[in-house]
Amino acid sequence: KKLREAINNSKAIENDPLLEAAKKQKAIFYDVIFETKKPLGLVLERSGDWALVKLANQDTTHVSIGSALTTVNGDEVILSDYTETIQRLTAWQPPLRLG
């Protein structure tokens with residue numbers, strides 16, 4: 001927990017090679033549609049206000065661990081409060097589109 005707090009409160013240093021390399025990576029966006037009401041097979045974890053995929057049944061969901069949840073049914077949630085994002089998911093009805 002202390003490590004997460006340190007990471008959340010850290011600031012980038014000038015010419016940070018890891019940050020610079022990350023900025024050069026191409027962002028990959030994808031959507032997953034859940035057509036029937038059943039457990040999603042995902043565990044989301046809070047990182048700041050972002051919802052990141054901590055665990056996923058990749059065989060059935062095709063969701064990559066470490067992905068950031070960016071949209072719920074087409075609505076952007078990447079800058080939304082984490083709690084609001086999770087509330088959108090608690091009583092979902094099909095079809096559900098996650099991006």
Side-chain angles (χ1 to χ4, degrees):
K1 185 171 180 170
K2 288 182 180 183
L3 179 58
R4 285 189 189 153
E5 289 174 9
I7 291 170
N8 286 336
N9 294 324
S10 66
K11 295 186 183 348
I13 59 173
E14 287 187 39
N15 302 318
D16 180 343
L18 185 58
L19 180 60
E20 293 304 315
K23 287 180 180 178
K24 293 177 184 176
Q25 295 295 316
K26 182 179 178 185
I28 299 171
F29 295 91
Y30 60 94
D31 288 345
V32 177
I33 301 172
F34 297 88
E35 298 282 354
T36 58
K37 183 73 173 179
K38 61 181 180 179
L40 297 177
L42 302 172
V43 175
L44 299 174
E45 178 177 51
R46 182 181 193 152
S47 177
D49 272 334
W50 290 18
L52 301 180
V53 178
K54 180 178 181 180
L55 297 171
N57 183 339
Q58 293 176 319
D59 292 336
T60 59
T61 65
H62 307 289
V63 174
S64 300
I65 294 172
S67 294
L69 183 61
T70 59
T71 61
V72 175
N73 289 330
D75 296 328
E76 289 189 12
V77 297
I78 191 83
L79 298 177
S80 299
D81 180 74
Y82 176 83
T83 305
E84 291 175 19
T85 301
I86 296 305
Q87 286 175 348
R88 289 177 178 242
L89 298 175
T90 55
W92 71 277
Q93 294 298 317
L96 172 66
R97 179 186 295 261
L98 300 179

Answer whether the closest heavy-atom distance between the side chains of L69 and L89 falls below 4.5 Å.
yes
Sub-3.5 Å donor-acceptor pair from the side chain of Y30 to the main-chain atoms of H62, do we have one?
no
Quick one: does T61's side chain get under 4.5 Å of F34's, heavy atoms only?
yes
In Å and rounded to the nearest 0.5 Å, what is the OG1 to CZ distance from T83 to R88?
13.0 Å
Under a side-chain separation threshold of 4.5 Å, the hydrophobic residues clustered together with L55 are V43
Path from L40 to V53 over hydrophobic side-chain contacts below 4.5 Å:
yes
Could you report the tightest heavy-atom contact between L52 and G66, atom names first, then the distance?
CD2-O, 4.3 Å
Are there over 12 heavy-atom neighbours, none belonging to K38, within less than 6.0 Å of that residue's NZ?
no
List the atom pairs, donor and acceptor, that lie under 3.5 Å between side-chain atoms in residues 92-99 and the rest of the protein, sequence neighbours left out.
unit_1, atom_1, unit_2, atom_2, d
R97, NH1, D31, OD2, 3.3

Treat each ILVMFWY residue as a node, draw an edge where side-chain heavy atoms are under 4.5 Å apart, and state whether V72 and V32 are in one component.
yes
Could you give the distance from CZ (R46) to CG (D81), rounded to the nearest 0.5 Å?
6.0 Å
Which heavy atom in L44 sits nearest to a heavy atom in Y82, and how many Å separate them?
O-OH, 3.7 Å
Contact summary for F29 and T70, nearest pair of heavy atoms:
CE2-CG2, 4.4 Å
